[in-house]
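Comments concern the structure below.
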Amino acid sequence: MSDNPYLAHLAPSQRGASSSISSSDKEPLYGFLPRKVKGSQVRDAMNHKLNPFTKQPHSAQYRKILEARRSLPVYSQMDEFLEIFSKNQIIVMVGETGSGKTTQIPQFVAFSDLPHTKGKLVACTQPRRVAAMSVAQRVADEMDVQLGKQVGYSIRFEDMTESGTTFLKYMTDGMLLREAMNDTELSRYSTIILDEAHERTLATDILMGLLKGLAKRRKDLKLIVMSATLDALKFQSYFSLHNSGEEPSPAPLFKVPGRTHPVEVFYTQDPEPDYVEAAIRTVLMIHRAEDPGDILLFLTGEEEIEDACRKIKAEADDLINSDPSSVGPLMCVPLYSSLPPQQQQRIFDAPPKQSQEGYPPGRKVVVSTNIAETSLTIDGIVYVVDPGFSKQKVYNPRIRVESLLVSPISKASAQQRAGRAGRTRPGKCFRFHFRARRTDAPEILRSNLANAVLELAKLGVKDLVRFDYLDAPAPETLMRALELLNFLAALDDEGELTALGGIMAEFPLDPQLAKMLIVSPEFKVSNEILTITAMLSIPNVWLRPPSQRAAADQAKALMTVPEGDHLTLLNVFNNYYQNKSDRNWAWNNFLSARALAQAENVRAQLLRTMERFEVECISLEDERKRNMGKNMPSAYVRVLHANCSSGGEKGSYLTVKDNQVVALHPSCGLDAQPEWVLFNEFVLTKRPYIRTVTEVRPEWLLEYAPLYYDLNAFPDGETKRALLKLTSKRRAITGNGKDANEKKRSSKELKGGGKGGKGKLTKGKLKGGSKDKSTGWSKDEVKKKVPAWKDGKATLSDYFVSGGFI
DNA sequence: GAGCACTGC
């Protein structure tokens with residue numbers, strides 16, 4: 001039974017009984033029986049003069065850190081955890097903020113599982129890179145080892161592990177999924193811990209389905225799913241045990257209390273007609289009336305946040321000017337992801353000092369998107385103002401469009417937001433009356449699944465529809481994904497993964513872009529396409545500071561290639577690359593240096609993948625570069641939804657198969673309005689737009705995407721008529737009845753057309769107009785319903801009632 | 001003449 005080399009010499013009676021043996025004389029792990037370890041043994045080993053894993057004496061800071069660990073709630077339940085871990089293959093664990101689960105549980109597992117004695121690893125997944133990195137660093141310190149040795153992390157672009165040495169690895173969920181594509185048994189791992197499972201990222205959801213099946217095949221694999229309280233039951237029944245002849249029993253639950261300060265929650269009694277207005281009012285009333293402590297206000301997006309910051313500042317200045325002795329100075333800081341890192345850092349600045357001895361102290365207000373809900377933690381927050389909305393992605397499979405809609409948040413989100421007030425001392429949370437949804441729809445129900453379906457196929461899942469999803473996607477969403485992958489020739493007509501599909505899955509790209517890149521050597525433009533796919537994988541590179549809009553637009557015009565936005569992106573990257581020695585080049589040209597550095601990183605990673613699969617990196621000869629405008633899209637049309645013809649109102653296009661009316665996005669750099677264009681992205685904001693657009697010749701569509709543009713199976717409409725006209729003209733010219741493309745159509749490499757622009761349209765209420773998002777009231781109605789508060793008579797208690805503590 | 005909730009490979 002024992003495969004632990006440390007135990008081989010022991011008599012059975014000695015095994016698992018370290019407490020009876022003087023711990024200081026023996027090796028720290030003396031008597032440890034894998035997966036039968038007790039809390040007393042682990043505590044002895046932690047107290048041993050030697051590090052159990054390096055056999056070196058402990059450093060001075062080790063004892064100090066250990067002392068702090070002992071006060072974590074999860075630490076006092078070590079015995080209970082080890083027992084439940086010994087007895088079960090799958091455990092659901094619940095631990096609220098501050099319980100210490102993310103740092104301690106993987107260490108407990110390492111002591112019990114002893115992965116290093118059998119050449120295995122314990123993995124702990126995280127939804128975000130920064131979390132994987134910082135937790136790994138913390139745990140390496142706690143275990144008194146060097147990061148990257150016994151304890152490491154693995155994220156995109158960085159593998160901080162040492163093969164043969166690392167036995168505890170923190171990693172992003174996406175990274176583990178990628179590993180599973182090449183080893184579906186995940187045989188390197190003895191225990192896998194899925195942390196933050198309640199966040200229900202696409203990768204964690206797929207991993208749960210995969211690991212549930214894998215645990216049945218690999219009885220030696222243990223699985224721990226860590227989540228927030230509200231979701232625990234769902235996970236327990238999903239991972240329930242099915243013993244023959246018995247009712248399925250839910251997976252065992254291990255629960256640890258959190259350790260945060262109490263937060264009192266206050267509610268408004270009536271719905272707020274305009275939540276931004278009400279939020280600003282609430283912030284200022286807190287500032288005027290409440291004890292010192294910083295404020296965190298949650299709003300939905302950049303525009304709303306900048307607007308609120310301006311208004312809060314103006315109102316606060318008013319208050320100070322009218323009576324500097326009654327209120328302190330207020331500093332208002334915006335926070336959202338597209339903000340340059342330097343400005344993001346401002347949320348950590350200290351609040352302003354009191355203006356004069358004896359006057360009230362200053363206060364900091366952070367106005368943030370959801371980024372402050374999970375990704376970023378700000379110390380010193382005592383008050384949270386939560387109107388209860390966030391922007392959420394929705395996917396409409398009928399028209400293949402993803403869009404962002406302002407929607408009410410879930411109970412879990414509201415709780416998480418309130419918790420942000422209790423990190424340093426007891427706090428208060430002011431919520432507006434809102435009907436929180438019981439749960440958030442997981443990402444898998446809100447996304448275009450083309451990528452996920454390709455990954456599942458690569459993972460060897462045969463029946464994608466009947467895969468054991470925790471929440472099964474809509475059949476139509478799966479059909480759209482299968483249809484697209486079939487057009488791209490990643491899946492054959494039977495739904496089996498093709499060789500091409502297998503390679504496509506290896507690229508960290510959308511399937512359309514992966515296909516475009518893989519076929520690009522046929523067009524002798526793969527070097528250029530490589531750059532373009534990298535540029536399409538990163539956030540917007542164009543900066544447009546409000547104070548310098550004209551200069552920014554001018555700089556962009558200089559970089560623009562009139563033939564199309566894709567060539568403009570290529571041009572931007574090449575210029576960036578040539579000017580890399582100049583640190584200020586990006587800023588001087590109103591480009592994001594961060595985004596460009598990211599593009600360079602992505603490009604290098606894609607190039608490595610190309611080399612692995614012998615996709616040649618070919619660049620055009622200099623004299624042919626002038627022809628890029630024609631050559632580049634000819635590779636592109638095979639993979640993107642190149643399906644717009646002009647029609648209807650001026651300036652608008654029709655998508656070729658769904659007949660959606662769309663307009664060129666104002667950021668588009670085309671100097672004319674060509675009849676046919678292909679696009680990268682379909683966005684729905686004030687109206688449907690296509691973004692990143694390049695002119696295309698219709699004959700290229702017929703030639704290089706014959707499957708998609710098979711006119712015999714094409715829906716009737718303007719596009720079909722235009723394409724038919726084109727083919728009859730060409731027949732007349734070539735003089736024979738056969739379409740010149742028919743030969744190519746039989747060619748295997750050219751099989752697979754293109755379609756499926758990213759983007760979406762939804763029925764949801766459009767932004768804009770003068771109606772308030774939450775109530776539908778007009779601005780005039782809002783004015784009437786918002787009472788004056790600045791006269792000093794109104795107080796927080798006129799608006800809010802206490803709803804107890806969380 | 002508009003925008004970019006947030007992650008991840």
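Just the heavy atoms: all of them, side chains too, but no hydrogens, waters or symmetry mates, feed the values below. In the text below, chain A, chain B and the rest are named by the order of the sequence lines, each starting its count at 1.
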To the nearest angstrom, the CZ-C1' distance between A:Arg129 and B:dG8 comes to 7 Å

*asked:* Mind checking if A:Ser390 touches a base, just sugar-phosphate, or nothing, with heavy atoms under 4.0 Å?
replied: nothing

With sugar-phosphate meaning primed atoms plus P, OP1 and OP2, does A:Leu177 contact a base, only sugar-phosphate, or nothing at under 4.0 Å between heavy atoms? nothing

**OP:** Just call it for A:Arg544: base, sugar-phosphate, or nothing, with non-hydrogen atoms closer than 4.0 Å on any strand.
**Re:** base

ask   = For A:Gln392, which contact category applies under a 4.0 Å heavy-atom criterion: base, sugar-phosphate, or nothing?
value = nothing

Next on the checklist: Base, sugar-phosphate or nothing for A:Arg178? Non-hydrogen atoms, less than 4.0 Å.
Outcome noted: base

**Asked** Which part of the nucleic acid does A:Arg691 contact within heavy-atom distance under 4.0 Å: base, sugar-phosphate only, or nothing?
**Response** sugar-phosphate

Separation of B:dA5 atom P from A:Leu405 atom CG, nearest Å, is 12 Å

Inset, instruction - For A:Glu443 and A:Leu202, indicate whether the former's side chain and the latter's backbone hold a donor-acceptor pair under 3.5 Å. - result: yes

### Task
Start with the C-alpha gap between A:Gln554 and A:Phe590, add the side-chain angles, then the distance that decides, and say whether side chain to side chain contact (heavy atoms under 4.5 Å, CB included) holds.
CA-CA 9 Å; A:Gln554 223 175 346; A:Phe590 294 92; over 6 Å; no

Rounded to whole Å, the CZ-C1' distance (A:Arg446 to B:dC6) equals 9 Å

Any base atoms under 4.0 Å from A:Tyr689, or only sugar-phosphate, or nothing? Heavy atoms, all strands. sugar-phosphate

Next item on the list: Verify, without hydrogens or angle tests, whether A:Glu695 (side chain) and A:Pro674 (backbone) share a donor-acceptor contact under 3.5 angstrom.
Entry: no

Just to be sure I understand the rule, does A:Thr201 reach a base, reach only the sugar-phosphate, or reach nothing, if contact means heavy atoms closer than 4.0 Å? nothing

Is there a side-chain contact between A:Ser337 and the phosphate of B:dA5, meaning an N or O under 4.0 Å from OP1 or OP2?
no

note: A:Leu454, atom CG; B:dC9, atom C1'; distance rounded to Å ~ 12 Å

Checklist entry - When you check the phosphate oxygens OP1 and OP2 of B:dC9, does a side-chain N or O of A:Ser537 lie under 4.0 Å from one of them? => result no

